[in-house]
Amino acid sequence: MPSKKKVCILGSGNWGSAIAKIIGTNAARLDIFDSCVKMWVYEEMIDGKKLTEIINTTHENVKYLPGKQLPENVVAIPDKVEAAKDADIIVFVVPHQFIPTICSELIGHIKPTAVGLSLIKGFDKAAGGGIDLISQIINRQLKINVSVLMGANLANEIADEKFSETTIGCRDKRVGPILKSLIQTDYFRVSVVDDVEAVEVCGALKNIVAVGAGFVDGLKLGDNTKAAIIRIGLMEMIKFVDQFYSGARLATFFESCGVADLITTCYGGRNRRVSEAYVTSGKSIVELEKELLNGQKLQGPITAAEVNFMLKNKSMENSFPLFTTIHRICNGEMKPNDLIEQMKLNTDTSDKLNMEKCNLDSDHTVKAGGE
């Protein structure tokens, strides 16, 4: 990387704009970064004006982060190739279902020495009945090293500079400190761990659990029931990583990317909110996404479907009763009030999702083979 590292942010939604506020501020004040931060913006017309022009003149994303000022050195660009071509650090923050197409358009147009940082929470279906991590897709298509950032990070609260924590998963000891410098502020604290897969998987799976929490809220079942769903969800998250991503550390689940992100999403995220409305409104999830999210995408139901795709192909649906039930509610096979009945029927299975099922060695790593 050159002495002045150029940064590009691919995505400008709610979270993309919030992180742009941080990155722009840090790039302007730290000598190691080029002060100009390019942000790819999907062009839209807002009251007859291009969104990129509004951002570049008012320094506000009036659609996805209204009322919050972006640093003047954050420049909105409607062409993703133009935005990314000279970047040394590319920050990916778009809905996960779009990443294969976006990467395909960038092939051959970015620096081979660039590094990626994915803030994307989700999976993609893979050949052979499995799933791909988003970082793996980016790495495979663009041939660059990719780290991940996940945590209890509701975008509006971070934009308001309320104290928050996050976790960066990065194996390269040279790159980790640079990414931390780019992201950390006095109100947004960063820890760096090398447990990349566990960090990323936590960020995806917690959205499924948040859908279940939203169903509980819509059914007005109370805090005890919601806590039970969160606990079972955490245990299924641990079991999932234990089963499919060998070498993960149990301690990672106690970072911001783990239990903290799970809690905040189950109480304040869009997946919880839309799922609650699904119970109370009688409308479909697709209708509610359009009605409630102002153009943002709902990740929980899609992630539940992707996880179920793999579990079904491996004949493991019964091993993850919460994930399976939430998927079946989302696709209409079950009703929201079936959630608790399924948890009662699967009490024995849920009870087995405990720490004894995760084989810990002396340095507290979770080994595969928990089944």
Side-chain angles (χ1 to χ4, degrees), residues 1 3-9 11-39 55 58-61 64-75 87-93 115-121 147-170 172-196 199-200 202-203 206 251-265 267-269:
M1 287 186 180
S3 57
K4 290 281 188 179
K5 298 168 183 62
K6 297 181 179 180
V7 183
C8 164
I9 302 169
S12 59
N14 188 234
W15 185 209
S17 296
I19 206 69
K21 183 173 182 283
I22 288 175
I23 290 174
T25 300
N26 284 344
R29 71 180 183 83
L30 297 174
D31 289 339
I32 63 172
F33 300 110
D34 188 292
S35 62
C36 178
V37 174
K38 295 179 181 179
M39 179 172 70
I55 292 172
T58 69
H59 308 294
E60 178 185 354
N61 188 332
Y64 295 109
L65 196 66
K68 312 299 179 187
Q69 284 294 114
L70 299 177
E72 294 186 7
N73 59 311
V74 174
V75 179
D88 301 294
I89 300 172
I90 304 174
V91 180
F92 296 84
V93 54
V115 297
L117 179 64
S118 173
L119 280 61
I120 301 170
K121 298 179 177 181
S147 300
V148 299
L149 181 151
M150 306 284 156
N153 302 151
L154 297 180
N156 287 335
E157 294 183 11
I158 292 169
D160 286 334
E161 301 187 5
K162 296 178 179 177
F163 180 77
S164 304
E165 297 177 316
T166 200
T167 310
I168 290 178
C170 177
D172 191 324
K173 293 182 179 180
R174 298 172 299 111
V175 173
I178 296 170
L179 296 177
K180 182 172 181 176
S181 296
L182 182 65
I183 300 295
Q184 181 160 273
T185 71
D186 59 351
Y187 63 87
F188 193 54
R189 309 305 293 174
V190 177
S191 63
V192 181
V193 301
D194 62 4
D195 201 359
V196 179
V199 171
E200 184 168 4
C202 281
K206 58 92 183 182
T252 301
F253 293 91
F254 299 94
E255 295 284 349
S256 182
C257 63
V259 65
D261 195 9
L262 177 63
I263 291 170
T264 196
T265 308
Y267 279 89

### Query
Can a salt bridge be assigned to the pair Lys173 and Asp194 using a cut-off of 4.0 Å between side-chain N and carboxylate O?
no

### Message
Using side chain to side chain contact (heavy atoms under 4.5 Å, CB included), reason through Ile89 and Ile178 one step at a time and then give a plain yes or no.
### Response
CA-CA 10 Å; Ile89 300 172; Ile178 296 170; 4.0 Å; yes

For the residue pair [X] and [Y], what are the closest heavy atoms and their distance?
| X | Y | result |
| --- | --- | --- |
| Cys257 | Cys202 | O-CB, 3.2 Å |
| Ser164 | Ala152 | CB-O, 4.3 Å |
| Lys206 | Gly203 | CE-O, 3.2 Å |
| Glu165 | Asn153 | O-ND2, 2.7 Å |

[X]: side-chain contact (heavy atoms from CB on, under 4.5 Å) partners, not counting sequence neighbours:
| X | result |
| --- | --- |
| Ser35 | none |
| Ser181 | Leu30, Ile32, Phe33 |
| Val192 | Ile168, Cys170, Lys180, Val190 |

Which value, rounded to the nearest 0.5 Å, describes the distance between [X] atom [atom1] and [Y] atom [atom2]?
| X | Y | atom1 | atom2 | answer |
| --- | --- | --- | --- | --- |
| Leu70 | Thr25 | CG | OG1 | 9.0 Å |
| Leu262 | Tyr267 | CG | OH | 10.0 Å |
| Thr265 | Leu154 | OG1 | CG | 6.5 Å |
| Thr166 | Ile22 | OG1 | CD1 | 9.0 Å |

#### Entry: For Cys36, the option from Asn73, Val75, Val7 that meets side-chain contact (heavy atoms from CB on, under 4.5 Å)
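It is Val75, the one option of Asn73, Val75, Val7 that forms the side-chain contact (heavy atoms from CB on, under 4.5 Å) with Cys36.
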
### Query
Can you list the residues that meet the salt bridge (Lys or Arg N to Asp or Glu O under 4.0 Å) rule with Arg174, with sequence neighbours excluded?
Asp172

### Query
Going by the salt bridge (charged side-chain N to carboxylate O under 4.0 Å, His left out) test, which pairs reach into residues 11-20, not counting sequence neighbours?
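Output for this query is empty, none listed.
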
### Task
In sequence, state the C-alpha distance, the side-chain angles, and the governing distance for Leu117 and Ile183, and then conclude on side chain to side chain contact (heavy atoms under 4.5 Å, CB included).
CA-CA 11 Å; Leu117 179 64; Ile183 300 295; 4.2 Å; yes

Extract all donor-acceptor atom pairs below 3.5 Å that involve side chains of residues 14-21 and protein atoms in other chains or at least two apart in sequence.
{"from": "Asn14", "atom 1": "ND2", "to": "Tyr64", "atom 2": "O", "distance (Å)": "2.9"}
{"from": "Asn14", "atom 1": "ND2", "to": "Asn156", "atom 2": "OD1", "distance (Å)": "3.1"}
{"from": "Ser17", "atom 1": "OG", "to": "Ser12", "atom 2": "O", "distance (Å)": "3.0"}
{"from": "Ser17", "atom 1": "OG", "to": "Gly13", "atom 2": "O", "distance (Å)": "2.9"}
{"from": "Ser17", "atom 1": "OG", "to": "Asn61", "atom 2": "ND2", "distance (Å)": "2.9"}
{"from": "Lys21", "atom 1": "NZ", "to": "Ala159", "atom 2": "O", "distance (Å)": "3.4"}
{"from": "Lys21", "atom 1": "NZ", "to": "Glu161", "atom 2": "OE2", "distance (Å)": "2.7"}

Does [X] have any side chain to side chain donor-acceptor pair (under 3.5 Å) partners at least two apart in sequence or in another chain, and if so, which?
| X | result |
| --- | --- |
| Thr167 | none |
| Asn26 | Arg29 |
| Ser191 | Glu255 |
| Thr252 | Asp195 |

### Query
For Gln69, does the CD atom sit with more than 12 other heavy atoms under 6.0 Å from it, leaving out its own atoms?
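Yes.
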
### Query
Can Asp261 and Lys121 be said to form a side chain to side chain contact (heavy atoms under 4.5 Å, CB included), step by step?
CA-CA 11 Å; Asp261 195 9; Lys121 298 179 177 181; 3.1 Å; yes

### Query
Should Glu60 and Pro66 count as side-chain neighbours, where that means a heavy-atom distance under 4.5 Å?
yes

### Message
If you define the side chain from C-beta out and look only at heavy atoms, does anything of Ile55 sit under 4.5 Å from Met39?
### Response
yes

### Task
Would you check if the side chain of Lys6 reaches a backbone N or O of Val37 as a donor-acceptor pair within less than 3.5 Å?
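Not a single qualifying donor-acceptor pair exists.
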
